[in-house]
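Okay, so here's the structure we're looking at.
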Amino acid sequence: MSRFDSHVQSVKNDILTAVCNYARQGTLYENIHEIPKEIMPKGSASARCCIYKGRAILSERVALAMTTKGAYDHVIEVIDIACDDCPESGYEINENCRGCLAHRCIDACPRGAIEIVNKRAHIDKDKCINCGKCQQACPFSAVTNRVRPCEQACKIGAISKSPTGEAMIDRDKCISCGACAYQCPFGAISDRSFISQTIELLEDYNKTGEHPVFALVAPTIASQCTEHTLSQVIAAIKVCGFHAVIEAALGADIVANLEAKEWDEKGFLTNSCCPGYVDYVERFFPDMAQHISHNPSPMVVMGRILKEKHPGCRVVFIGPCTAKKLEFQKEQWRDAIDNVITFEELQAIFDSYEVDFDHLDEGLLDQASYFGRIFARSGGLTTALHQALIENKLETSKLKPLICDGIEECRIALLKASKGVLKENFIEGMACVSGCIGGAGNVTHGPKERAQVDRYASSAMEKTIHEAIRIFD
Amino acid sequence: MKIFVCVGSSCHLKGSYHILEAFKQAVADNHLEDDITLSAAFCLGKCRDGVSIKIDEEIVTGLSLETFPDVWQTKVLKPLGK
């Protein structure tokens, strides 16, 4: 079984690992053109039309893996030559059609777009509105919906077909959630990576002993330990040269505590912790942006605390999120975080440093409470907010939360709220379905991950939010 | 004098919060609020020997509530001339 969800991630891992290897030696720039040849040597098979195109695509991936902080105002990119220009003809009748007597498809179609031609159903594309009712009605699976996986993945309609056929991202709409990148079967959409800069920070600390690099890890890490235990993964991060591993969930405890007070004051609020969601509100519902919590995200809160307690230190956030890669570059948060990588990229760093997982010290990770840790999955933030109200002896009976799992649910809630017809007074918005455990930068995604996060959360030594954050009093 | 108490995972699990509280109490009891600033720090790099603290530039390891009075005497009161 592959350690990744798909082979696309495996190819990406080869590139990222090679970039790390050269970055560690300080010879990355000299070897940019060698990496594709090393990964795809003469005579090797390519999924593309020829080895030259295969290598050309790998070169594009190398370029994406060498992004520097502040150079771009977006992180999700289409690799045009890798895009297979997938068909996007919508609903079509396939060879399973038996020309049956019932023809439920015809009855189901609200536009009269289906008729029987030569004993088989036929969809008139001029009339079809792509509602999919014929597909639901057919007992023979004779209706196929040909949509591009990227367009299907993007629930805000930011992806379309360019005049030359490949996928194109509308920068005015894209919220950098990375859903398209994770779903593209050709790996033609990818997130930019700051991995070589992370390596530079580690090597600098390693050589000079100055500017210790803190790994600030998202609580989603509990769902990412499939090959190894959490203890091994934490120890491995330190083996790669990080000074210490700190829980971003402690920042979540702080944020939950502040957000509870803010909600109590304002009476209506939505969260600031999910950067894809915040970006979505600002772009699509600008009038609602005033209701976003004024507290920075847990990542930023913890970054600032680390910088205050350890002047000169560097902070690398490690998480499941591609949108965080945009958040940390924003002017107002730039002081807090030096770099952001995903769990996919952490895997490449482990591979580059050839971590021997069988011979590691015990790795400990325990700072946050149960409530900070469950921020990693949908509904966690709301539970934490409720708990923080109780701990601050604030009124809980008036709290009417709405948990929005994925950007489509967020859209409906925001639409209602913007028209003043939303019953609830707290919107928990998560851009990814399932919350952070559904993030595009995870190594794996699976049905057990919610339970894994909850188990990890329950193992926290501190049982309440106030117990976790009392060290700052 | 600046005192940092490590609250990294290892020290945290060994009870660094209680050490922090012990310092707070001792500072209050001795009216040393003007002489000592007390703060948490994330990992002083001595994870095996926690709880670790840093007094100005010196790292002191192996703190527990049992060893605290001794450390307070020798590493805090004495250097302050109290």
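Just so it is clear: chains get the letters A, B, ... in the order the sequence lines come, proteins before strands, and each one is counted from 1. Only this structure's heavy atoms are used, side chains among them; waters, hydrogens and symmetry mates stay out. Everything quoted here is computed from the prediction, not taken from an experiment.
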Take a 6.0 Å sphere around [atom1] of [X] and say whether it holds more than 12 heavy atoms from other residues, nucleotides or ligands.
X	atom1	result
Lys46(B)	NZ	no
Glu354(A)	CD	no
Lys2(B)	NZ	no

Given a strict heavy-atom distance threshold of 4.5 Å, which part of [X] is in contact with chain B: side chain, backbone, both, or neither?
X	result
His243(A)	both
Leu365(A)	both
Ile234(A)	neither

With a 4.5 Å limit on heavy-atom distance, are the side chains of [X] and [Y] in contact?
X	Y	value
Asp473(A)	Lys24(B)	yes
His12(B)	Glu462(A)	yes
Met461(A)	Leu13(B)	yes
Lys238(A)	Cys47(B)	yes
Phe42(B)	Met302(A)	yes
Asp361(A)	Arg48(B)	yes

Taking all non-hydrogen atoms of both residues, which atom of Ser39(B) and which atom of Lys309(A) are closest, and how far apart?
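Between these two residues, the closest heavy atoms are OG-NZ, 3.0 Å.
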Options Gly8(B), Cys43(B), Ser16(B), ranked by heavy-atom pairs under 4.5 Å with chain A, top entry
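If we count pairs closer than 4.5 Å to chain A, Cys43(B) comes out on top.
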Roughly how far, to the nearest 0.5 Å, is CG of Leu364(A) from SG of Cys11(B)?
10.0 Å
